[in-house]
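See below for the structure under consideration.
If you're wondering where the values come from, they're calculated on a predicted model, not measured in any experiment.
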Amino acid sequence: SFPNRYRMKFSTSIALLVWACSTSIEAFTSPSIHHRTAQPTTTTTPLKATADTLPEITLFNSKSRNKEPLRPLEPGKISIYTCGPTVYDFAHVGNFRAFLTYDLLKRVLMYFGYDVTHICNLTDVDDKIINRANEQGIDNVLDLTTKYEELFMNDLQALNIIPAEKYPRATEHIPEMMEMILKLEENGLAYESKDGSWWFATDKKEGYGEQLVNLNWDEMETTERGESDLKRTPQDFCLWKAFKPGIDRDDAAWESDRIKKGRPGWHLECSAMSKKYLGDTIDIHGGGVDLKFPHHENEIAQSEGASGEPFCNCWVHNGFVNIDNEKMSKSLGNFLTLRTACAAPADVRAYRYLVMSSLYRNSLNFTPQAMDAAKSALKRIDKVRNQISEALGEEKNVDAGDSALATEQVPKALANFDAALKDDMSMPRASAALFGLVKETEKEFKRVAKDDSVPLDKAGLKSVWDALNQMDKIFGIFYQVPMTEEEAAQEAAAEDTTVPEEVMELVVQRTEAKDGKDWDLADSLRSRILELGFNVKDVKGGEPEVTPI
């Protein structure tokens, strides 16, 4: 089991905006990784490449079911749309595998010189959100969604994930969704039912259910339980849900001249926001493998049905995170939030490394043993980096000379690393390249330890140092996990030994009460001092000691 680390208060939107905007594309190079107050690191492009010289990268395209060379719509530029969280609760460890996969993809593209534009949506209106707000008696749905949106952003920061350019909210794009519904109606692909809901006519869209999956139409059930009587065919899916008094809420409902009061269906927001920020056709769409159907199939139908253009050229899906060989999910009740699973900074970094060193398309078993192995790997890497830092000191410019480590082994490791990245982000191979250098460095220190008259290969060590930092532009593990707000407050309180004037006045009154043998008053004053967060200890022959609890 994993202890609870976080009871985090959510930070302000302004602070998150500052973090997202100020996160630079620059590698972290400090040799020390043992403190917890620094901001997360991000990556830089290692090559000065032009659109004509960018290397070819292959990705597994879920649509073609094959690895394919990435062909940008615009040379040197990549547009990415990824599915974000539904902000009614904490995201769980399985969710964060998807967000770490997006981070890996973006880092790889930027590493090789691509200009990446990334949009990740925030679902802030749906059944789960409304139900949770009703259960908790929340007056304004926005209070619920804003809280969990900010907690989600804090988790991204803890995991050192490069922020997307935008995190658009569904509720801020209702006009775009309404416009798309009417465009689909114009194209004969959407219709309104008698209650005011709108539906996508799946039988009118050629290829529906055959893009990312192979549906058996004869075995398909209705996609909207209990509402099949409103639809022309059971497979049609909802674009707009009509308002239901007693169930829906006025603070999560909209209407227009053509569309009756209600709220959007889940699938529509991604099509509308992708179009708004990235255009009719995008380079890459990412998400968990469980989103292939119905969500991503429905996105394709909506987007292509409205625009008449191909929606996405490459679909990248990550595998599940499993617990006891079963998919982690809230519906199964076997999920762990990041805050539950990662009790310490070492756990947070270990989870990042666990995910980043795996093959993104395969399932990943989340176990204490897997986390322990990841922590052990990080300790080994950290030890080598600290040894190199201490050995080099201020020597930053060291001639490679005849160092085999600098002239042969490091270039070979970097070549293998780059080749692994370009081959569908093969991170197990990339990890092998990194640990090859770790092993060679360990051998070098052992060699000198046996005979202190033998000089260290500082040129080789400097070369390894640079190579590890280069590789970390992908792994993103050389960073300091920021403190939670609760931890920062506790640290500040521990450092602040000032006793408030109110407390000192109570201490004086208590001393006077004791001198006057008014024990009841003295006890009452002690209780009040405790309520204010301070202990008072009597010292024989001296003044009482007052300390924070």
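Heavy atoms only, all atoms of each residue included: Pro163 and Lys106 are closest at O-NZ, 3.1 Å. When all heavy atoms of Ala374 and Ala350 are compared, the closest pair comes out as CB-O, 3.5 Å. Residues Ala133 and Val141 come closest through the heavy atom pair CB-CG2, 4.1 Å. Summarising the geometry of Leu184 relative to Ala306, their closest heavy-atom pair is CD2-N, 3.5 Å, with the distance given to 0.1 Å. Ser357 approaches Leu354 most closely through the heavy-atom pair OG-O, 3.4 Å. Shortest non-hydrogen contact noted between Ser426 and Leu359 is CA-CD1, 4.3 Å.
Counting heavy atoms from C-beta on, the side chains of Gln470 and Leu414 come closer than 4.5 Å. Looking at heavy atoms from C-beta onward, Lys276 lies in side-chain contact with His173 at the 4.5 angstrom threshold. Val348 places none of its side-chain heavy atoms less than 4.5 Å from the side chain of Tyr353. Between Lys67 and Asp423, some side-chain heavy-atom pair lies under the 4.5 Å cut-off. No side-chain heavy atom of Asn318 sits less than 4.5 Å from a side-chain heavy atom of Arg361. Between Ile129 and Leu144, some side-chain heavy-atom pair lies under the 4.5 Å cut-off. Using a 4.5 Å cut-off on side-chain heavy atoms (C-beta onward), Pro72 and Tyr114 make contact. You'll find the side chain of Phe112 reaches within 4.5 Å of the side chain of Asp418, heavy atoms only.
A donor-acceptor contact shorter than 3.5 Å links the side chain of Glu297 to the backbone of Gly209. With hydrogens and angles disregarded, a donor-acceptor distance shorter than 3.5 Å links the side chain of Arg65 to the backbone of Lys63. At distances below 3.5 Å, not a single donor-acceptor pair connects side-chain atoms of Thr146 with backbone N or O atoms of Asp143. Lys205 places no side-chain N or O within donor-acceptor distance of the main-chain N or O of Leu189, the cut-off being under 3.5 Å. The backbone N or O of Gly476 lies less than 3.5 Å from no partner atom in the side chain of Tyr479, so there is not a single donor-acceptor pair. For the pair Thr441 (side chain) and Leu437 (backbone), a donor-acceptor distance under 3.5 Å is present. Side chain of Lys77 to backbone of Thr117: no donor-acceptor contact under 3.5 angstrom is found. Side-chain atoms of Glu176 do not come within 3.5 Å of backbone N or O of Ala272 as any donor-acceptor pair. Judged by distance alone, with hydrogens and angles left aside, the side-chain atoms of Arg429 form no donor-acceptor pair with the main-chain N or O of Asn416 at under 3.5 Å. The backbone N or O of Leu122 sits nowhere less than 3.5 Å from a side-chain atom of Arg169 that would complete a donor-acceptor pair.
Listed by chain and residue number, nothing satisfies the ring pair (Phe, Tyr, Trp, His ring centres under 6.0 Å) test with Phe417 (two or more places apart in sequence, or in another chain). Partners of Glu179 under the salt bridge (Lys or Arg N to Asp or Glu O under 4.0 Å) rule, at least two apart in sequence or in another chain, do not exist in this structure. Not counting sequence neighbours, the partners of His295 by the ring pair (Phe, Tyr, Trp, His ring centres under 6.0 Å) test are Trp266, His267. Taking the salt bridge (Lys or Arg N to Asp or Glu O under 4.0 Å) definition, one finds that Lys412 meets it with nothing, sequence neighbours left out. Tyr102 pairs by the ring pair (Phe, Tyr, Trp, His ring centres under 6.0 Å) definition with Phe99, not counting sequence neighbours.
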Report task. Please assess Asp127 against Lys241 for the test salt bridge (charged side-chain N to carboxylate O under 4.0 Å, His left out), listing each intermediate value before the final yes or no. Result -> CA-CA 10 Å; Asp127 293 344; Lys241 294 187 175 185; 3.0 Å; yes
Query - CA sep, side-chain torsions, deciding dist, call: Asp103, Arg107, salt bridge (charged side-chain N to carboxylate O under 4.0 Å, His left out) - result: CA-CA 6 Å; Asp103 190 51; Arg107 285 172 180 262; 2.8 Å; yes
Query raised in the report: Passes side-chain contact (heavy atoms from CB on, under 4.5 Å), Thr367 versus Ile323? Steps please.
Result: CA-CA 7 Å; Thr367 64; Ile323 290 184; over 6 Å; no
Report task. Begin from the C-alpha positions of Phe311 and His296 and carry the test side-chain contact (heavy atoms from CB on, under 4.5 Å) through to its verdict. Result -> CA-CA 11 Å; Phe311 175 43; His296 288 165; over 6 Å; no
Requested in this report: Apply salt bridge (charged side-chain N to carboxylate O under 4.0 Å, His left out) to Arg349 and Asp382, showing your working.
Outcome: CA-CA 12 Å; Arg349 287 182 67 222; Asp382 292 346; 3.0 Å; yes
Query raised in the report: Checking side-chain contact (heavy atoms from CB on, under 4.5 Å) for the pair Met427/Phe475: CA distance, chi angles, key distance, verdict?
Result: CA-CA 9 Å; Met427 293 307 290; Phe475 283 104; 3.6 Å; yes
Query raised in the report: Checking side-chain contact (heavy atoms from CB on, under 4.5 Å) for the pair Gln302/Leu239: CA distance, chi angles, key distance, verdict?
Result: CA-CA 9 Å; Gln302 293 166 160; Leu239 298 170; 3.4 Å; yes
Using atom types as modelled, flag every donor-acceptor pair under 3.5 Å from a side chain in residues 278-291 to any protein atom, sequence neighbours excluded.
{"residue": "Asp280", "atom": "OD1", "partner": "Lys275", "partner atom": "NZ", "Å": "2.6"}
{"residue": "Thr281", "atom": "OG1", "partner": "Pro310", "partner atom": "O", "Å": "2.5"}
{"residue": "Asp283", "atom": "OD1", "partner": "Leu73", "partner atom": "N", "Å": "2.8"}
{"residue": "Asp283", "atom": "OD2", "partner": "Ser79", "partner atom": "N", "Å": "2.9"}
{"residue": "Asp283", "atom": "OD2", "partner": "Ser79", "partner atom": "OG", "Å": "3.2"}
{"residue": "His285", "atom": "ND1", "partner": "Tyr81", "partner atom": "O", "Å": "3.3"}
{"residue": "His285", "atom": "NE2", "partner": "Glu299", "partner atom": "OE1", "Å": "2.8"}
{"residue": "His285", "atom": "NE2", "partner": "Glu299", "partner atom": "OE2", "Å": "3.3"}

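Judged purely by distance below 3.5 Å, without hydrogens or angles, the side chains of Ser64 and Glu68 pair a donor atom with an acceptor atom. A donor-acceptor contact under 3.5 angstrom links the side chains of Thr171 and Asp124, judged on distance only. Checking Tyr360 against Asp424 by side-chain atom types alone, a donor-acceptor pair falls below 3.5 Å. Side-chain contact of Asn298 with Tyr208: a donor-acceptor pair under 3.5 Å is present, judged by distance alone. A donor and an acceptor atom, one from each side chain of His118 and Tyr277, are nowhere located under 3.5 Å apart. Judged by distance alone, the side chains of Ser303 and Ser271 do bring a donor and an acceptor atom under 3.5 Å apart. In this structure, a donor-acceptor pair under 3.5 Å is present between the side chains of Thr233 and Asp236. A donor-acceptor contact under 3.5 angstrom links the side chains of Ser62 and His317, judged on distance only. Counting only N and O atoms by type, the side chains of Asn121 and Glu269 include a donor and acceptor under 3.5 Å apart.
Environment of NZ in Lys375: crowded, with over 12 heavy atoms of neighbouring residues, nucleotides or ligands closer than 6.0 Å.
Geometrically, Arg385 engages Phe478 in a cation-pi contact, judged by NZ or CZ lying under 6.0 Å from the ring centre and within 45° of the ring axis. At least one test fails for Arg132 against the ring of Tyr88: distance under 6.0 Å to the centre or angle within 45° of the axis.
Of the candidates Trp199, Phe200, Trp240, Trp240 is the only one forming a side-chain contact (heavy atoms from CB on, under 4.5 Å) with Ile181.
In this structure, CG on Leu109 lies 5.0 Å from CD1 on Ile80, to the nearest 0.5 angstrom.
Annotation: Phe90 is not in aromatic contact with Phe152 [ring centroid separation under 6.0 Å not met].
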